[in-house]
Every structure is written in C-alpha cells, then in structure tokens.
**Student:** 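I have a structure I would like to understand better, so I am pasting it below and will then ask my questions one at a time.
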Amino acid sequence: MNELVIPLLISIILTLVVAGIVFFFIYKAMEKSKENKGQSIVKNATDKADRIISEAKKDAENEKKERILSAKEEIQAEKAELNKEIKERRAEVQKQEKRLEQKEETLDRKIESLEQKEQKYQEKLADLDKQKEELNKFVDKQNAELVRISGLSIDEAKEYLLKNVRETLSHELAIEIKNAESKAKEEADKKAKNLITFAIQKCAADHTQETTVSVVPLPSDDMKGRIIGREGRNIKALETLTGIDLIIDDTPEAVILSGFDPIRREVARIALEKLVVDGRIHPARIEEMVEKAKDELEQIIKDEGERASMETGVIGLHPDIIKLIGKLKYRTSYGQNVLNHSIEVSQLCGIIAEELGLDVNLAKRAGLLHDIGKSIDHEIEGTHVEIGVDILKRYKENEQVINAVHAHHGDVEPTSLEAVIVMAADAISASRPGARRETLETYIKRLEKLEEIADSFNGVEKSYAIQAGREVRIMVKPESISDDQMTVMARDIAKRIEDEMEYPGQIKVTCVRENRAVEYAK
C-alpha cells in the first residue's frame with residue numbers, strides 16, 4: 001500500500017512542478033507582450049507629438065512672416081504719411097519765413113524813414129533852441145524897457161498881475177458856482193420834491209407821541225385799596241416783580257404806572273389789568289399774573305414782528321430777528337415809535353427804489369432792519385448802529401443790508417444806492433411834521449450851534465437861526481464881502497454845517513448883503 005502511495009505522490013509533485021514551470025513561462029511571455037505593446041504606444045504618441053510640434057512651428061513661422069509683412073506695410077504707410085506732413089510743414093515754414101523776410105524788409109524801410117524824420121526833428125529842435133535863445137534875449141530887453149517905463153520891478157509887476165488875476169478868477173468862479181448851483185438846484189429840487197412827495201403821499205403813517213407812563217383804568221376807586229393791600233404788601237409785590245413804580249393818587253378810577261423800560265411797564269399793565277378783572281389780589285396771585293403777562297407779552301412781541309414783516313413784504317428773516325423787530329414796538333426815539341418808524345422807512349425805501357429802478361426787496365429789507373439795534377441798546381453797550389451791525393452779522397444777513405444799516409447815520413460810506421435810499425427815507429420819516437419831539441435843551445443847542453458856525457466867518461455882521469432851525473439867515477458887512485464872495489461864503493457855511501452838526505432834513509443858508517446911503521436934508 002505504501003509502495004503505491006509514494007510513486008503517486010512523486011508523480012503529483014512532478015506534475016505540479018511542471019505546471020508551475022509552464023505557468024512561469026506563460027507569465028513571462030505575457031509580460032513581454034505587454035511591454036512590447038506599451039513601447040509601441042509610446043512610440044506612436046511620440047511620433048504624433050513630433051508631427052504636431054512640427055506643424056505648429058510651420059504655422060507659427062507662417063504667421064510670423066505674415067505679421068512682419070503687415071507691419072512693414074503699416075510702417076511704409078505711416079512713413080509716407082509722415083513724409084507728406086513734413087513736406088506740408090516745410091512748405092508752411094517756408095511761407096512764414098518768406099512773410100517774415102517781407103516784414104523785416106518793411107521794418108527796415110520804416111526804421112530808415114524814422115531815422116530820417118528824427119534827423120529832421122533834431123534839426124528843427126536846434127532851430128527852435130536858437131529861436132528860443134533869441135526870444136529870451138528879446139524878452140529880457142522888453143522887460144528892462146517895461147521896468148524903465150513903469151518904474152516897477154519885475155516882482156512888483158508879477159504881484160500886481162497876480163492880484164488882478166485872482167480878482168478876475170474869484171469873480172468868474174463865483175459866477176460859475178452860482179450858475180451851476182442854480183441849474184443843479186432847479187433840476188435836483190424838482191426831481192427830489194417829486195420823488196419825496198410821491199413817496200410820502202403813498203406812505204400813510206400815524207403821528208404818535210409816547211411817554212414813560214401808562215394809565216390803567218379801574219372800575220371804581222375802591223379797587224385802589226385792594227391794589228395797595230394790607231400794609232402795602234400787594235403794591236410792593238407788584239413793584240418788586242415788575243420793576244415799575246405804581247402811582248396811586250387822587251386821579252379818579254385810574255392807576256399810573258411809571259418806568260423807563262417800556263417792556264416792563266407793559267408787563268405791569270397787563271398783569272394789573274388781569275388782576276383787576278380777576279378781583280383776587282394777593283402776592284401769590286400777583287406773581288402768577290406777572291408770569292402770565294410775560295408769556296403774553298412774548299407772544300405779542302412775536303406777533304408784532306411777524307406783522308411788520310408781512311406789512312412790508314420782507315420775508316426770510318430769522319425768528320430771533322423777528323422777535324427783535326417786535327421789541328421795537330416798545331421802544332421810542334424822540335417820542336416816535338421805533339417799530340412804526342422802521343415800517344415807514346421800509347415802505348419809503350420800497351417806493352423810492354421802485355421809482356429809481358433799483359432793488360425794491362433789498363431796499364425794503366434794509367429799511368426795516370436799519371434800527372434793529374435799538375431793540376436791545378439798553379442792554380448792551382455801544383450805539384444802536386454798532387449793535388445792529390453785530391446782530392445782522394451774527395445771523396449772516398446780506399452784506400449790502402449790513403452796509404446800509406452801518407451807513408444810515410454816516411458812520412461809514414454807503415456802498416450801494418439802496419444804502420443811500422435808507423439814509424434818505426430815515427431822514428424823511430424822522431423830519432416829517434409830528435413824527436418826533438425834541439427836548440428844549442437840544443433844540444436851543446442846535447440853534448446856538450448854527451449861529452456860532454455862521455458868526456465864525458470873517459465879514460459876518462450878525463446871524464439868525466429861524467424857522468425852528470430850518471434856516472440860518474446871515475447879514476454880511478457890505479464893505480468887506482462882495483456879492484461874488486458872498487456866494488462862496490454861503491457854500492462854505494453850508495459845508496461846515498454838514499460836517500459839524502447832525503440834524504433831520506435840511507438847513508437853508510441865506511446870506512444878505514445890503515448897502516445903504518443915508519443923508520439928511522436940513
């Protein structure tokens with residue numbers, strides 16, 4: 001049994017060995033076949049790539065040649081164009097050179113002609129110098145002969161001639177001044193009167209006079225005791241809270257409020273009227289009514305400012321400026337209400353500007369704002385003009401309006417015709433009858449100043465301020481002042497009055513010269 005198994009095993013092993021050897025050679029053959037096939041593919045790909053590269057090189061070479069050829073053609077075309085342009089410019093330059101040569105030849109001819117003329121002028125100057133020298137010799141000879149004949153030296157003769165010339169010129173100057181003034185006055189007076197009359201005629205304004213007191217009517221005299229209160233506590237509270245003096249005297253059914261500040265006086269008046277109507281008068285109620293009166297007055301001030309703006313047609317004003325305009329209702333100048341005055345000046349400015357063809361809106365705006373500084377001039381130091389200018393600058397108002405406000409009293413020179421109109425309208429509004437009242441002391445000082453200026457001139461015998469200071473009449477010494485000199489004197493006096501005095505309207509200067517011959521028959 002074992003003998004059979006062993007040969008069988010050997011045969012199986014041999015079979016397996018032979019099978020392994022066969023499979024090995026088959027595997028090797030397959031590997032070699034795969035390797036040969038891969039090499040064939042790589043070779044084919046390499047060949048194809050070489051062909052593609054070769055074709056690409058050929059295409060690139062062809063494209064390069066085409067682009068080089070195209071560039072050469074463009075260069076040739078541009079070169080031809082440039083050559084053409086160069087030829088044209090050369091031709092133009094040649095033309096210009098030719099024109100310059102012609103001009104140069106013309107200039108040479110002119111220079112030559114001028115040199116010839118200059119030579120002739122030099123010769124003429126030499127002749128003139130020679131003639132001048134001969135003339136001077138002749139003049140010296142004539143002067144010596146005149147000195148011998150007249151018996152006067154040259155200086156004395158000059159002085160005599162100058163004196164005659166001065167007298168002649170003074171006479172002619174006076175005549176010219178008189179004629180010019182007469183003609184100018186005729187035309188200017190006619191136009192100014194027409195314009196001012198037209199402006200005043202169209203502006204209807206109230207003639208108002210205000211004082212520093214207000215009167216509050218009472219329903220009965222019994223109310224006076226309630227206003228005074230126990231031991232005067234009510235009247236003391238009202239005076240303390242408002243800063244206004246209450247005058248309770250024998251005036252029937254009335255209480256007088258006295259105070260310099262019109263706004264405080266108005267607060268006191270409103271509060272007292274409310275207390276009288278209410279009937280309950282005690283310190284706490286007085287304090288409440290004073291506060292209500294202040295609030296009511298603030299609204300009244302705002303309403304008055306808006307009314308002035310609407311009435312004059314001036315729009316676009318800052319709310320603070322409108323309030324300041326409203327405050328002018330409680331401010332007076334020489335008894336004239338400043339708010340009414342400002343409205344009147346604004347309307348006059350608009351009328352005059354329209355007649356002259358100027359900016360009506362600008363003139364009205366400047367006229368309404370010209371006295372804005374008076375609303376707080378009792379609170380801030382400085383003139384109302386300076387305060388007004390500062391206010392308008394703070395609220396970035398128009399420069400022309402600021403200049404008109406600054407110039408309306410002559411503090412600076414006006415830079416526009418509208419500013420001059422504001423000056424004229426302010427003078428018209430202030431000087432019209434009934435507009436303002438003047439204190440007796442100021443009035444007398446103005447009359448004395450007028451006579452003092454007139455008396456300071458040489459040759460004045462006596463001067464008189466008449467017509468409430470609207471005219472100064474001057475008597476001159478006839479032996480010292482001639483008619484011609486009198487005309488010049490009147491002009492000089494008027495000029496000095498303008499420079500040294502401030503006054504509304506205008507002042508007429510009249511010089512009177514009179515010769516009298518008196519003889520007695522015996």
Side-chain angles (χ1 to χ4, degrees), residues 28-130 315-316 318 353 356-363 365-366 392-404 406 412-420:
K28 286 290 185 180
M30 289 176 67
E31 288 288 330
K32 190 174 181 181
S33 176
K34 287 179 180 179
E35 184 177 351
N36 292 335
K37 188 177 180 180
Q39 289 176 354
S40 176
I41 290 170
V42 170
K43 185 178 179 183
N44 291 334
T46 305
D47 293 341
K48 188 175 181 180
D50 291 339
R51 285 196 304 273
I52 290 171
I53 291 169
S54 176
E55 290 175 359
K57 286 182 178 179
K58 288 180 181 178
D59 291 341
E61 190 68 26
N62 292 334
E63 186 175 355
K64 180 180 179 182
K65 289 179 180 178
E66 289 177 359
R67 289 188 178 182
I68 291 171
L69 183 60
S70 176
K72 286 182 178 179
E73 290 175 354
E74 290 179 0
I75 291 169
Q76 289 295 332
E78 290 180 358
K79 186 176 180 181
E81 184 69 23
L82 184 61
N83 289 334
K84 182 179 178 182
E85 186 176 349
I86 289 171
K87 287 180 180 179
E88 290 176 354
R89 290 190 178 181
R90 281 179 180 173
E92 184 66 25
V93 169
Q94 287 175 356
K95 289 181 182 179
Q96 290 180 357
E97 288 179 351
K98 189 173 181 181
R99 284 198 294 268
L100 288 173
E101 288 175 358
Q102 292 175 352
K103 288 182 179 179
E104 187 176 355
E105 291 176 359
T106 304
L107 287 173
D108 290 338
R109 288 196 297 269
K110 287 183 178 179
I111 290 170
E112 185 178 355
S113 175
L114 288 172
E115 288 176 350
Q116 292 175 357
K117 288 181 179 179
E118 185 180 1
Q119 186 177 0
K120 291 180 180 178
Y121 289 150
Q122 292 294 338
E123 293 174 357
K124 287 184 179 179
L125 285 173
D127 292 340
L128 287 173
D129 290 338
K130 187 176 180 181
I315 59 174
H318 193 279
L356 297 177
L358 301 175
D359 190 336
V360 176
N361 293 328
L362 177 64
R365 195 181 192 91
L392 297 181
K393 284 182 178 178
R394 189 187 314 152
Y395 291 104
K396 297 180 174 56
E397 189 56 61
N398 188 314
E399 288 295 331
Q400 289 182 311
V401 173
I402 293 174
N403 173 259
H406 206 176
V412 298
E413 289 296 325
T415 59
S416 64
L417 291 175
E418 287 80 6
V420 179

**Student:** Take atom OH in Tyr395; do more than 12 heavy atoms of anything else shown fall under 6.0 Å from it?
**Tutor:**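 More than 12 heavy atoms, drawn from other residues, nucleotides or ligands, come within 6.0 Å of this atom.
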**Student:** What heavy-atom pair brings Gly316 and Arg365 nearest, and what distance separates the two atoms?
**Tutor:** O-NH2, 3.3 Å
**Student:** Between Asn403 and Glu399, is there a donor-acceptor pair closer than 3.5 Å when you use the side chain of the first and the backbone of the second?
**Tutor:**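 Flag not set: sc Asn403 to bb Glu399 has no pair under 3.5 Å.
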**Student:** Over all heavy atoms of both residues, which pair between Glu397 and Val401 is shortest? Give the atoms and the distance, please.
**Tutor:** CG-CG1, 3.9 Å
**Student:** Atom CD in Gln102, atom CD in Glu104: separation rounded to 0.5 Å?
**Tutor:**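 It is 11.5 Å, given to the nearest 0.5 Å.
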**Student:** Within this structure, what is the CD-NZ distance for the pair Glu123 and Lys120, rounded to the nearest 0.5 Å?
**Tutor:** 9.0 Å
**Student:** So, Ser70 side chain and Glu66 main chain: donor-acceptor pair closer than 3.5 Å or not?
**Tutor:**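 Such a contact is absent between Ser70 side chain and Glu66 backbone.
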**Student:** Can you tell me how far apart OG1 (Thr106) and CG (Leu100) are? Round to the nearest 0.5 Å.
**Tutor:** 11.0 Å
**Student:** Apply the test side-chain contact (heavy atoms from CB on, under 4.5 Å) to residues Glu63 and Asp59: give CA-CA distance (whole Å), side-chain angles for both, the deciding distance (0.1 Å), then the verdict.
**Tutor:** CA-CA 6 Å; Glu63 186 175 355; Asp59 291 341; over 6 Å; no
**Student:** For residues 82-94, run the donor-acceptor check on the side chains, cut-off 3.5 Å, and write out each pair with its distance to 0.1 Å, sequence neighbours left out.
**Tutor:**
{"from": "Asn83", "atom 1": "ND2", "to": "Lys79", "atom 2": "O", "distance (Å)": "3.1"}
{"from": "Glu85", "atom 1": "OE2", "to": "Arg89", "atom 2": "NE", "distance (Å)": "3.4"}
{"from": "Glu85", "atom 1": "OE2", "to": "Arg89", "atom 2": "NH2", "distance (Å)": "2.8"}

**Student:** Mind checking the CG-CZ spacing from Leu107 to Arg109? Nearest 0.5 Å is all I need.
**Tutor:**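 One gets 9.0 Å once the value is rounded to the nearest 0.5 Å.
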**Student:** What do you reckon, is CZ of Arg99 surrounded by more than 12 foreign heavy atoms closer than 6.0 Å?
**Tutor:** yes
**Student:** Should we count CD of Gln96 as having more than 12 external heavy atoms under 6.0 Å?
**Tutor:** yes
**Student:** Output the distance between atom NZ (Lys110) and atom NZ (Lys103), rounded to the nearest 0.5 Å.
**Tutor:**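 It comes to 10.5 Å.
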**Student:** Which of these, Leu362, Val360, Asn361, sits in a side-chain contact (heavy atoms from CB on, under 4.5 Å) with Glu418?
**Tutor:** Leu362
